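What you are looking at is a predicted structure, and each value in this text was computed from that prediction instead of being measured.
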Amino acid sequence: MNDVWFSEPVMIDFQPNGQRKVSSCFEAMECLDQRWPGRARDGAWRSASRVCRDALDGLRSPVEARKTLRKAAKVAGLLA
């Protein structure tokens with residue numbers, strides 16, 4: 001499976017651990033699976049996880065993946 005890169009990174013603020021620059025779908029999946037707070041694992045999180053996984057499989061575009069990741073971060077109050 002090849003990584004899918006975003007045209008522009010998404011900055012996510014995982015306080016108190018600091019900000020993380022997410023530049024690809026693989027990095028997004030890592031953040032969504034391992035660093036995302038439990039309180040914020042809602043519909044927007046599920047959508048971002050699904051779309052990023054689909055982009056890695058070639059079923060969705062990196063633009064869609066970035067957009068849904070950004071939305072999930074905004075909903076969760078993590079968008080830097």
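The heavy-atom pair separating Asp33 from Ser49 by the smallest distance is OD1-OG, 4.4 Å.
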Let's go through Val63 and Phe6 carefully: what are the C-alpha distance in whole Å and the side-chain angles of both, what is the deciding distance for side-chain contact (heavy atoms from CB on, under 4.5 Å) to 0.1 Å, and is it a yes or a no? CA-CA 7 Å; Val63 172; Phe6 299 150; over 6 Å; no

Identify all side-chain donor-acceptor contacts of residues 21-31 below 3.5 Å with residues at least two apart in sequence or on another chain.
from  : atom 1 : to    : atom 2 : distance (Å)
Ser24 : OG     : Asp3  : OD1    : 3.3
Ser24 : OG     : Asp3  : OD2    : 2.7
Ser24 : OG     : Glu27 : N      : 3.3
Glu27 : OE1    : Ser23 : N      : 2.7
Glu30 : OE1    : Arg20 : NH1    : 3.3
Glu30 : OE1    : Arg20 : NH2    : 2.9

Distance-only donor-acceptor hits, side chain of residues 65-80, under 3.5 Å, sequence neighbours excluded:
from  : atom 1 : to    : atom 2 : distance (Å)
Arg66 : NE     : Glu8  : O      : 2.6
Thr68 : OG1    : Glu64 : O      : 3.2
Thr68 : OG1    : Ala65 : O      : 3.1

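By the 4.5 Å heavy-atom criterion applied to side chains, Gln19 and Phe14 are not counted as neighbours.
In this structure Arg50 satisfies the side-chain contact (heavy atoms from CB on, under 4.5 Å) test together with Ser47, Asp54, sequence neighbours excluded. The side-chain hydrogen bond (donor to acceptor under 3.5 Å, both in side chains) search around Asp42 returns none, not counting sequence neighbours. In terms of the side-chain hydrogen bond (donor to acceptor under 3.5 Å, both in side chains) criterion, Gln34 has no residue partners (sequence neighbours excluded).
The main-chain N or O of Ala48 is never found under 3.5 Å from a side-chain atom of Arg53 such that the two would form a donor-acceptor pair.
Clustering ILVMFWY residues whenever any of their side-chain heavy atoms sit less than 4.5 angstrom apart, transitively, puts Leu32 in the very cluster that holds Ile12.
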